[in-house]
Enquirer: 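This is the structure, below, for whatever I ask next.
Start at 1 with the first residue, then count along the sequence. Any value given below was found using the heavy atoms of this structure, including those in side chains, with hydrogens, waters and symmetry copies removed.
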Amino acid sequence: MKTDNTLLDKMLSEENLGLALAQVRRNRGACGIDGMEVSDLKDYLDENLDEIKESIRKRTYKPQP
């Protein structure tokens, strides 16, 4: 996908998302309502991040409670 250097592109960049994940780990983030542990987050993102980013770009992303 073409990068237009928009704010959304910057937010979804590998660098920014990596920094966010590192910050969650440093803060010892608690699991959310879905019960996912921080230790499981990287594997989940490795499998689903492209799909999540694409749905955000298409404005079809519906976060679960």
Enquirer: For L12 versus L17, what's the shortest heavy-atom pair and its separation?
Expert: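 Smallest interatomic distance, heavy atoms only, reads O-CD1, 3.4 Å.
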
Enquirer: If you link ILVMFWY side chains whenever their heavy atoms are less than 4.5 Å apart, which other residues fall into the same cluster as V38? By chain and number, please.
Expert: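 Members other than V38 - counting any ILVMFWY side chain reachable under 4.5 Å - are V24.
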
Enquirer: Can you tell me how far SG of C31 sits from CG of L41, rounded to the nearest 0.5 angstrom?
Expert: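 That separation rounds to 11.5 Å.
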
Enquirer: Might you point out which heavy atoms bring N16 and M11 nearest each other, and give the distance in Å?
Expert: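 Scanning both residues, the minimum pair turns out to be ND2-O, 2.9 Å.
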
Enquirer: Among pairs that include at least one residue of residues 29-43, which meet side chain to side chain donor-acceptor pair (under 3.5 Å), considering only residues two or more places apart or in two chains?
Expert: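 Checked against side chain to side chain donor-acceptor pair (under 3.5 Å) - neighbours excluded - the pairs reaching residues 29-43 are K42-D46.
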
Enquirer: What residue pairs, at least two apart or across chains, pass salt bridge (Lys or Arg N to Asp or Glu O under 4.0 Å) with a residue in residues 10-33?
Expert: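 The answer is E14-K53.
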
Enquirer: Take T60 and E54, measure what side-chain contact (heavy atoms from CB on, under 4.5 Å) needs, and give me the verdict at the end.
Expert: CA-CA 9 Å; T60 59; E54 187 64 24; over 6 Å; no

Enquirer: Surrounding CD of E51 (heavy atoms of other residues, nucleotides or ligands, distance under 6.0 Å), is the total greater than 12?
Expert: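 Not more than 12 within 6.0 Å, no.
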
Enquirer: Following the transitive rule for hydrophobic clusters with a side-chain heavy-atom cut-off under 4.5 Å over Ile, Leu, Val, Met, Phe, Trp and Tyr, establish whether L19 and L49 coincide in one cluster.
Expert: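 Hydrophobic grouping puts L19 apart from L49.
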
